Amino acid sequence: MTRPSDGQRRQMLVDMVSARTQSQRMWNLQRQGQIGTVAPIDGHEATIVAAAHALDPAHDWVVPQYREPLALRRYGPEVLEQFLLYNIGHPAGGHIPAPIRVLPNQISLATQLPHAVGLAWGMTLQDDPGVVLAFFGDGSSSQGDFYEAGNLAGVLKAPVIFLCVNNQWAISTPVHLQTAAESFAAKAAAFGIPGVKVDGNDVDAVYEAVHGARERARSGLGATLIEAALYRLGAHTTADDPTRYVPAEDLAAARRNDPIAILRSRLEAEGLWDAATQSEVESAALTAVDAAHERARTMPLAPDALLDHCVSEDSPRLARQRLALLAEVEGTR
Amino acid sequence: MTELNMLEAINESLHAEMARDERVVVLGEDVGRNGGVFRATEGLYEKFGERRVYDSPLSEGVIAGATVGLAIAGLVPVAEMQFLGFAYQAMHQIAGQVARLRYRTQGRFDPAITIRAPFGGGVRTPELHSDSLEGQLANIAGLKVVAPATAADAKGLLASAIRDPDPVMFLEPLRGYRGIRDEVPEGEHLVPLGSARTARPGDDLVIIAWSHQVEMACRVSDRLAGEGLSIRVLDLRSLVPLDVAAIAEAVDACGRVVVSEEAVQTGGFGGEIVATVVEESFWSLEAPVVRVSGYDVPYPVGMLEDRYIPDEDRIAAAVRRVLEVA
Ligand SMILES: Cc1ncc(C[n+]2csc(CCOP(=O)(O)OP(=O)(O)O)c2C)c(N)n1
Ligand SMILES: [Mg+2]
């Protein structure tokens, strides 16, 4: 059992508070019409942050779904910066700069899981010592891609960690309509890999599980499926009205298990956190997200950016389309 | 007649068809308790219950695949793909199975299956929510592909699609859900599959379009009418079956043609229309046919989509180009 150090736990809380603060700021910016759809992070912080802290950013890849970026501070400030660009619909938002080992958000659910297995496999073929951690939701687990990826990972003993973020909902669909299995972790049996279910609100539990899975992967024993059970405390996205389907009493109970409150009170009791720290972290987080928004807002956009990076070289037809587009932009068609 | 937006018209049609035929079942992601992420299936769960309105697991593959079995069992499934771009996850079922059920069983089973899906751009969605896949779908033999442009047609074509014994991909323009409103006949209203509609009369040139591009074409027609130009708009309403006679009739009457679509140009359904025009009405043409379309790139991110989608200016420019040919 490997527990995070005091220093790590403190840094995890910094990351968790930052993520929520920034997510709430983005929610407000979306409501003011300044940015695009936001999938709030509330309730997911402990799992994503603790998983990131159990990894080595220099070697290990993170393959996100779409709710994770704000909680991946450990992978560098560029993740936040690119996330804002991505959110406002700037094409450059898809380009997370090398050498950061984070793939862009995946909207097409569960398609990231076969990618993660291929990446892990490719790393072993090249004696790269890193592992791959892929996030996916309880909802995504119903896709064929999940089963196909898990199966391949099992057969290959690929150094991949499938981290199922079970937040009890896939938009309005509750987990009991998603699966009849006793847990998502139990599905590991079908792949011949270990499956563990942990309390996703407890950074220690998530850290230990990911750390253990990483050791296992690095020693050549292959993949692990981890289910982190938590509760989506916010809406699915800014386009969703959860009051239509989330039972108020369930939400109230979940709020009493808020992962940030849990870790904060532990650290406060240990003298590692106080109100002054909290407000310092919050204001630094706001400054960072606002700066990222400003950077995104003012990022230049080439008039023919629409046609860039689709193929390595314009075909004759695409070259003609580029001329037509430029003429249209200049109003000289 | 009542004025409805497309979403309300679709919802009304679903209610009516479920009430009319108890074999009709609705399935998809979030279609039940939540009434669909756009509320297209609002109220169905409450009225018809969980046996007929099913909140499925998050798997387009199993949604499409299960319709085959439901149809074999004698039911009339109406499935929803939450967004058409996620039909890719179901393509092995839609293209490989749904479309071929009648053929591979040599008529034993009626695949009376309808798969509804919103598509098309203009509402700043994330990746894969706005892609226009109708050309890909039209290339799948055995499928019908329907794409209404008005609320009245959405109601009438959906009812026909559900009653049709063949599998129908029913494509609903995202921008039209709340953006298109028109007079919708009350009560039973059927629009046959495979009959085009003249959305604007005219005889100088015809713009052939479907789905939301019909709205754009009509705006162009109205705008150019101010300059004394008479621009007909032909709304195909269904791509498969295609109303070839209506295309020929319009081209013969106008002699000049612009085809407008939102999809990627190469391999798009617009090319099929141009081929049909050439086959049917070559001798009536007074100028080369021009296609207006998206570009040969994936449907782009939000900041670029206004550049991507053919707008009134781009369509009007194409119209002028074709009219300038002596
Ligand atoms: C293949 C696919 N189908 C449907 C959707 C639409 N959609 C977006 S998020 C979502 C629910 C995802 O639930 P889950 O995987 O549990 O992740 P969560 O949102 O709870 O974090 C759905 C159905 C999609 N993005 N991709
Ligand atoms: Mg979920």
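Numbers restart at 1 for each chain; the letters A, B, ... are given by sequence-line order, proteins then strands. The shown structure was predicted, so the numbers you read here are calculated from the model rather than taken from an experiment. As a basis for the values below, the full set of heavy atoms in this structure was taken, side chains included, without hydrogen atoms, waters or symmetry mates.
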If you look at every heavy atom in Gln178(A) and Pro57(B), which pair is closest and at what distance? OE1-CA, 3.0 Å
Specify the closest pair of heavy atoms between Gly89(A) and Val301(B), including all atoms of both residues, with the distance to one decimal. O-CG2, 2.9 Å
Contacts of type ring pair (Phe, Tyr, Trp, His ring centres under 6.0 Å), residue Tyr308(B), not counting sequence neighbours: Tyr299(B)
Which residues share a salt bridge (Lys or Arg N to Asp or Glu O under 4.0 Å) with Arg116(B), sequence neighbours left out: Glu80(B), Glu172(B)
Find out whether [X] and [Y] are in side-chain contact, i.e. whether some heavy atom of one side chain is under 4.5 Å from a heavy atom of the other.
X: Met303(B); Y: Leu301(A); value: yes
X: Pro298(B); Y: Cys310(A); value: yes
X: Glu328(A); Y: Asp313(B); value: no

Roughly how far apart are [X] [atom1] and [Y] [atom2], rounded to 0.5 Å?
X: Ser108(A); Y: Phe86(B); atom1: OG; atom2: CZ; result: 5.5 Å
X: Trp169(A); Y: Asp30(B); atom1: CH2; atom2: CG; result: 10.0 Å
X: Leu306(A); Y: Leu304(B); atom1: CG; atom2: CG; result: 5.5 Å
X: Ser59(B); Y: Phe146(A); atom1: OG; atom2: CZ; result: 12.5 Å
X: Arg314(B); Y: Leu325(A); atom1: CZ; atom2: CG; result: 7.5 Å

Examine whether an atom of [X] lies under 4.5 Å from a heavy atom of chain B, and if so say whether it belongs to the side chain, the backbone or both; otherwise answer neither.
X: Ser315(A); result: neither
X: Leu109(A); result: both
X: Leu177(A); result: both

Ignoring hydrogens and geometry beyond distance, is a side-chain donor-acceptor pair present between Glu127(B) and Gln106(A) at under 3.5 Å? no
Which one of Ile88(A), Thr179(A), Thr111(A) has the most heavy-atom pairs closer than 4.5 Å to chain B? Ile88(A)
Any side-chain to backbone donor/acceptor pair from [X] onto [Y]? Under 3.5 Å, distance only.
X: Gln143(A); Y: Leu58(B); answer: yes
X: Asn34(B); Y: Ser172(A); answer: no
X: Gln321(A); Y: Asp296(B); answer: yes

Which residue out of Arg33(B), Glu29(B), Gln89(B) racks up the most heavy-atom pairs below 4.5 Å with chain A? Gln89(B)
Note: vs chain A, highest number of non-hydrogen pairs under 4.5 angstrom among Arg307(B), Arg320(B), Glu305(B) is Arg307(B)
Contacting region of Val37(B) [heavy-atom separation from chain A under 4.5 Å]: side chain
Part of Thr266(B) within contact of chain A (heavy atom distance under 4.5 Å): both
